[in-house]
Each structure stands twice: as structure tokens, then as C-alpha cells.
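Report on one structure; see the data block that follows.
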Amino acid sequence: MSPEGYEAVIGLEVHTHLQTRSKLFCGCSTEFGKAPNENVCPVCMGMPGVLPVLNRHAVELAVRTGVATNSEIATRSIFDRKSYFYPDLPKNYQISQYETPIGKGGYIDLPGDGQSKRVRLVRIHIEEDAGKNIHEMNSSLVDFNRSGVPLVEIVSEPDLRSANEAVAYLRELRAILRYIGASDGRMEEGSFRCDVNVSVRKKGATEFGVKTEIKNLNSFRFVEKAIEHEVGRQIELLEAGGKVQQETHLWDPEREETRPMRSKEFANDYRYFPEPDLPPLVVPTAMVESVRRAMPELPAVKRARYVRDYGLSGYEVAVLTAEKDTGDYFEAVLPGLKNVKTAANWVMTEVLRVANESGKAPAEAAPAAAEVGALLRLVEAQKISLNAAKTAFAAMCVSRKSAEVTVAELGLAQVSDEDAIAAACAKVITEEPDKVAEYRSGRDKLFGFFVGQVMKAMGGKANPKIVNEILKKKLAT
Ligand code: ADP
Ligand code: MG
Ligand code: ZN
């Protein structure tokens with residue numbers, strides 16, 4: 001049977017840092033990039049006799065994550081100890097949730113052309129992150145800055161069927177987390193990483209095949225590569241009459257390949273038991289309700305609204321809603337404008353360019369959205385050209401002056417004075433008798449040349465509509 005006769009089955013386990021200022025069970029900062037072991041205390045270093053105190057804000061962000069993914073929120077959940085030994089885990093257990101996670105049974109609908117795809121979630125639970133081992137030259141060191149940083153783990157059902165779908169799911173989940181402010185989703189900082197479970201089966205089969213798990217992927221590209229690689233490997237193995245072994249692979253981001261870990265070492269013998277140092281976590285219904293009420297518009301709803309209300313294309317909608325900031329900026333540009341497409345284009349090209357170049361949010365990198373709106377209204381009113389608007393925009397990024405002041409200061413206002421334009425047209429016609437003759441004998445294409453000459457003569461500021469009208473008249477005679 002050919003590889004086309006197979007189907008991939010994929011389930012993802014995403015670990016995402018919650019955007020709190022302090023850690024899950026102590027007051028240490030969660031700030032990324034500090035010197036090793038700067039953000040530590042006896043609690044997150046697992047000293048004997050210390051006691052965890054739960055971070056309320058982390059719970060609220062976990063509830064937000066649950067509500068935003070249509071999960072059922074447990075009003076009473078339990079923390080458990082997951083026991084294992086590793087140098088980056090000084091307590092020898094991780095505080096997590098096992099039988100009673102905070103969220104259950106949610107789903108995420110993936111964007112698609114026409115029909116959307118629903119991916120069901122098994123569970124969402126709260127846990128603390130471990131530290132980080134650093135292997136340097138001949139020594140191994142441990143940095144505990146990350147130890148105790150709050151996480152939620154979001155586990156999907158094996159509903160995904162291709163590497164592309166898996167990446168689409170991760171993009172959507174990450175967008176939701178960023179929209180609701182639960183996580184910054186910074187993959188390069190390890191704030192959003194995932195374990196990928198992959199199996200294959202013959203198309204039409206109802207049973208799942210044996211899966212392997214690839215741990216610790218922190219980029220969309222790695223996820224895609226790892227899945228494609230693993231699906232290919234499993235199909236080849238089965239085609240050769242072999243069997244897939246249930247095992248765990250580690251992704252090596254430096255070498256861009258997977259390494260098998262011994263499966264025995266990571267068998268589930270974590271000896272989970274309820275954490276005796278923490279009482280059950282009670283989330284009052286009122287808290288869930290207030291989270292629900294404060295929920296911002298989520299990406300899927302925003303996308304549907306942009307299509308319905310603005311008639312934008314799928315691509316435009318995808319770009320404008322990828323980040324909440326971008327959509328907010330775009331909508332703040334709109335008031336008073338007739339042409340939504342112009343605003344959409346402007347945000348997608350000019351605004352996102354300066355935002356990407358500076359690594360800042362649109363509202364910080366670009367002039368205030370209201371001023372960009374004012375600038376585009378000047379274009380619509382034919383007071384300035386689109387090119388002049390670009391010049392003004394660049395100046396406004398630096399000066400932060402208003403559109404009106406900038407256009408005045410830079411002398412960008414378009415000339416609509418018909419006498420001045422007529423004079424310029426007449427001059428060009430006198431200076432170019434050969435071209436005029438050619439045009440009059442039928443070379444219509446030369447019209448653009450005359451427009452260009454008039455524009456040049458008027459420093460690019462002439463109103464092109466009036467230039468066209470006058471030239472047409474004068475050249476016809
Ligand atoms: P484990 O006990 O090995 O952690 P779970 O049943 O908890 O396995 O599932 C872990 C993840 O693996 C989930 O995201 C789930 O969707 C996925 N998964 C389970 N079975 C399969 C399978 N046969 N193929 C691919 N993914 C699977
Ligand atoms: Mg697992
Ligand atoms: Zn601490």
C-alpha cells in the first residue's frame with residue numbers, strides 16, 4: 001500500500017506560561033532573561049519545610065483559558081504531586097493536577113475556507129514549571145529561575161490529521177491565549193511549547209495505531225518537520241512489516257532531529273497523589289462568570305465580523321486579526337473613512353512594517369491610529385496624494401505630530417488650482433510637439449507620459465484627477 005493509503009493521527013499537549021508577575025507558589029519574579037538563579041527563593045528551590053502559597057492571578061488566567069476554549073471549569077479541583085527525579089526539579093516532585101484538572105472537555109474551531117474544523121480538548125490543568133539544566137563544557141549547571149513559573153497544560157484529543165492542521169491548531173490556540181492575556185506565547189522563550197503525539201493508520205480504519213511522542217517542540221516549523229518526519233518513519237516501518245513502538249523522542253532543536261529516549265525511563269510511574277500542602281482549589285461560580293463577562297472578542301468571532309461588516313478577503317482578515325493589537329488599531333483608523341480597504345491596506349503594509357521593524361505593538365511603533373485615520377481622510381478628500389500620505393506617515397512616526405500639521409509643514413497638500421494645472425499642461429504640450437503629434441495620430445499610451453511630465457513640473461503635488469481632465473481636453477484639440 002502506498003503512503004497515500006495512510007492517515008496521520010495527531011494529539012498535542014501544549015505547555016504555556018501564564019502571564020503572572022510572580023511564580024505559582026512563591027513571590028519570586030517570573031521575568032525572563034535574568035542572570036541564572038536571580039529569581040529564586042527557598043520555596044522554588046525546594047528547600048525542606050517550605051510551604052506553597054497559590055497565586056490567585058494564575059488561577060484566574062487558567063480559568064480565562066478554560067472559558068476561552070469552551071471548557072467546563074471545575075469549581076473544585078485538586079493539586080497533585082507528580083514524582084520524578086531530575087536535577088532541575090529539586091523537590092523531586094512537580095505540583096500539578098491529575099484526576100481533577102481545572103478545565104475539561106473544551107474545543108477550538110480552526111479557521112478554514114468554508115467549513116471550520118473542531119478540535120476537542122481533553123483537559124486543561126495548572127502546574128509549575130521546572131528549572132533548566134545547562135550543560136556547558138565539562139559541567140552541568142541548573143538555573144532555577146523558571147522553577148515554579150505557572151503553566152497550564154492544554155491536552156487535545158487526537159483529532160488532528162496532518163502537520164498543517166497541527167500547526168493551524170497551535171496558531172489558533174496561541175492567538176487565543178494572547179488575545180485573552182493569559183500568556184505572551186513567546187515560543188523562543190519557552191513560554192509556549194508542545195509535545196506532539198503521532199500515530200498512523202490505514203485510511204478508513206476505526207482503531208488508532210500505536211503512537212510515539214515527540215517532546216519539547218518550541219517552534220511551528222519544528223512541529224511541522226517533526227510530524228512529517230515521524231509520519232514518514234512510521235509508514236515506512238509498517239510497510240516493511242514492522243511495528244511502531246510506543247516510545248518518546250526528544251526533539252533536538254540544535255540538530256533539528258529527534259532522538260529516542262528510553263521508553264522505560266519515561267513510563268508513567270509518577271506516583272501521583274494529592275498535594276498535602278495545598279487545600280482543594282475552589283473556584284467560585286461568580287469568578288467564572290466574571291471572567292466570562294470580561295472575555296474580549298476572540299479571534300474566530302473577530303474574523304467572522306471582519307468578513308461580514310467590512311467585506312475583507314480571507315487573507316486581509318487573517319493578517320488584521322492575527323494579533324488583537326492589530327485589529328484594535330485597524331478599527332481605530334476607520335471612523336470617518338469611506339473606503340475600508342484603503343485602511344486595511346495601510347495597516348497591513350505601512351503600520352505593520354514599522355511595527356515589525358521595531359518589534360513593538362502598532363500603537364507604539366506607528367502614529368496614533370486616529371491620526372492615521374485623519375491622514376487617510378485627506379487622501380479620500382483628494383487633499384493629498386497617496387504618495388504624499390506615505391511621506392507624511394514616515395515623518396509622523398518620528399515627530400508624533402498630527403496629520404494636519406505634518407501635511408502643512410511638509411507642504412504636501414495637493415494642488416487643485418485649475419489655472420495652475422492648465423498652465424503646466426500647456427507648457428508640457430508646447431515643449432513636446434513630436435510626442436503630441438504621435439499621440440494625436442493614435443498612440444494613446446503616451447497619455448501617461450504627459451501626466452508624468454505635468455506631475456514632475458508641479459513637484460508631484462498636482463491633483464491627478466484634474467491633471468487628467470485638463471490634459472485630455474487639451475490633447476484632443
Ligand atoms: P499518555 O498516557 O501516553 O500521555 P494520553 O492518552 O494521555 O497518553 O494522550 C496524550 C496525548 O496523546 C493526547 O494529546 C492524545 O490526544 C494523544 N493521543 C492519544 N492516543 C493517540 C494516538 N493513537 N495517536 C496519536 N495521538 C494520540
Ligand atoms: Mg502524556
Ligand atoms: Zn521563589
Side-chain angles (χ1 to χ4, degrees), residues 6-15 20-31 34 37-47 50-55 58 69 82 84 90-91 95-99 101 104-108 118-125 127-131 143-150 153-163 165-166 169-170 173 194-202 205-215 217 223 226-227 230-231 234-235 238 243-249 261 263-270 272:
Y6 287 88
E7 163 179 79
V9 172
I10 301 153
L12 302 179
E13 298 165 274
V14 170
H15 287 91
T20 56
R21 269 183 300 166
S22 57
K23 292 185 179 179
L24 187 54
F25 298 120
C26 63
C28 291
S29 165
T30 56
E31 196 181 333
K34 298 311 272 276
N37 297 307
E38 200 173 320
N39 297 342
V40 298
C41 76
V43 173
C44 55
M45 289 183 77
M47 300 291 178
V50 295
L51 289 170
V53 177
L54 182 60
N55 182 331
T69 54
K82 179 181 181 176
Y84 64 92
K91 298 197 297 289
I95 303 180
S96 181
Q97 297 188 304
Y98 189 52
E99 267 164 15
K104 263 187 172 169
Y107 62 86
I108 292 175
R118 179 159 295 184
V119 180
R120 294 164 303 149
L121 304 183
V122 181
R123 54 188 278 142
I124 296 175
H125 64 256
E127 62 186 26
E128 58 180 337
D129 207 349
D143 175 5
F144 290 111
N145 282 350
R146 208 177 66 182
S147 166
V149 168
E153 179 172 341
I154 302 157
V155 183
S156 86
E157 294 282 359
D159 285 349
L160 299 155
R161 293 293 174 268
S162 69
E165 259 182 27
Y169 165 81
L170 290 172
L173 175 57
C194 91
D195 302 342
V196 173
N197 298 271
V198 182
S199 65
V200 298
R201 63 178 174 185
K202 295 254 166 78
T206 46
E207 304 268 295
F208 288 142
V210 175
K211 73 174 162 74
T212 57
E213 182 174 6
I214 307 156
K215 283 202 160 319
L217 295 153
V223 167
I227 291 174
E230 184 58 18
V231 167
Q234 289 186 14
I235 292 175
L238 295 175
K243 274 192 173 152
V244 176
Q245 300 296 323
Q246 174 142 8
E247 59 192 4
T248 304
H249 297 243
M261 289 162 85
S263 43
K264 220 173 116 199
E265 199 178 350
F266 272 79
N268 288 356
D269 49 2
Y270 293 124
Y272 280 101

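Each ligand, and each atom within it, is numbered from 1 in the order the structure gives. We use all heavy atoms of the structure for the numbers below, so side chains are in, but hydrogens, waters and symmetry mates are not.
- Atoms of ligand 1 found under 4.0 Å from any heavy atom of Val9 (numbered from 1 in listed order, with element): 24 (N), 25 (C).
- In terms of polar-atom proximity, Ser156 is counted as a contact of ligand 1, with an N or O under 3.5 Å from an N or O of the ligand.
- Of the candidates Val196, Thr248, Asn197, the one placing a heavy atom closest to atom 26 (N) of ligand 1 is Asn197.
- Residue contacts with ligand 1, taken as heavy atom pairs separated by less than 4.0 Å, do not involve Val122 at all.
- Shown are the protein N/O/S atoms under 2.8 Å from the Zn ion (ligand 3), given by residue and atom: Cys26 SG, Cys28 SG, Cys41 SG, Cys44 SG.
- Rounding to the nearest 0.5 angstrom, the gap separating the OH atom in Tyr6 from the NZ atom in Lys202 is 4.0 Å.
- Within the listing of ligand 1, atoms 14 (O) sit less than 4.0 angstrom from a heavy atom of Leu12.
- Across the listed options Lys211, Glu207, Arg201, Lys211 owns the non-hydrogen atom lying nearest to atom 21 (C) of ligand 1.
- Screening Lys91, Lys23, Arg146, Lys82 against Glu128 for a salt bridge (charged side-chain N to carboxylate O under 4.0 Å, His left out) leaves a single residue, Lys91.
- A donor and an acceptor atom, one from each side chain of Glu13 and Asn197, are located under 3.5 Å apart.
- How far OH of Tyr98 is from NE2 of His125: 10.5 Å, rounded to the nearest 0.5 Å.
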**OP:** Take His249 and Thr212 through the side chain to side chain contact (heavy atoms under 4.5 Å, CB included) test and state the conclusion after the steps.
**Re:** CA-CA 7 Å; His249 297 243; Thr212 57; 4.1 Å; yes

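- Asp129 places no side-chain N or O within 3.5 Å of a backbone atom of Ser147 that could act as its donor or acceptor partner.
- Polar contact check, Gly209 against ligand 1: a nitrogen or oxygen pair lies under 3.5 Å apart.
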Subject >> Derivation of the side chain to side chain contact (heavy atoms under 4.5 Å, CB included) call for Ile10 and Val196 >> reply: CA-CA 7 Å; Ile10 301 153; Val196 173; 4.2 Å; yes

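- At distances below 3.5 Å, not a single donor-acceptor pair connects side-chain atoms of Asn39 with backbone N or O atoms of Cys28.
- For Thr30 (side chain) and Arg21 (main-chain N/O), a donor-acceptor pair under 3.5 Å exists by modelled atom type.
- The backbone N or O of Ser22 lies less than 3.5 Å from a partner atom in the side chain of Asn55, making a donor-acceptor pair.
- In this structure, CG on Leu24 lies 11.0 Å from SG on Cys44, to the nearest 0.5 angstrom.
- Counting heavy atoms closer than 4.0 Å to ligand 1, residue Glu157 contributes backbone atoms (N, CA, C, O) but none from C-beta onward.
- You'll find the side chain of Arg161 reaches within 4.5 Å of the side chain of Glu7, heavy atoms only.
- Proximity of Val155 to ligand 1, defined as any heavy-atom pair under 4.0 Å, is confined to the side chain (atoms from C-beta onward).
- For ligand 1, the polar-atom distance check finds an N/O of Pro158 within less than 3.5 Å of one of the ligand's N/O atoms.
- Checking only distances, Glu213 never comes within under 3.5 Å of ligand 1, N or O to N or O.
- For ligand 1, the atoms lying closer than 4.0 Å to a non-hydrogen atom of Phe208 are 23 (N).
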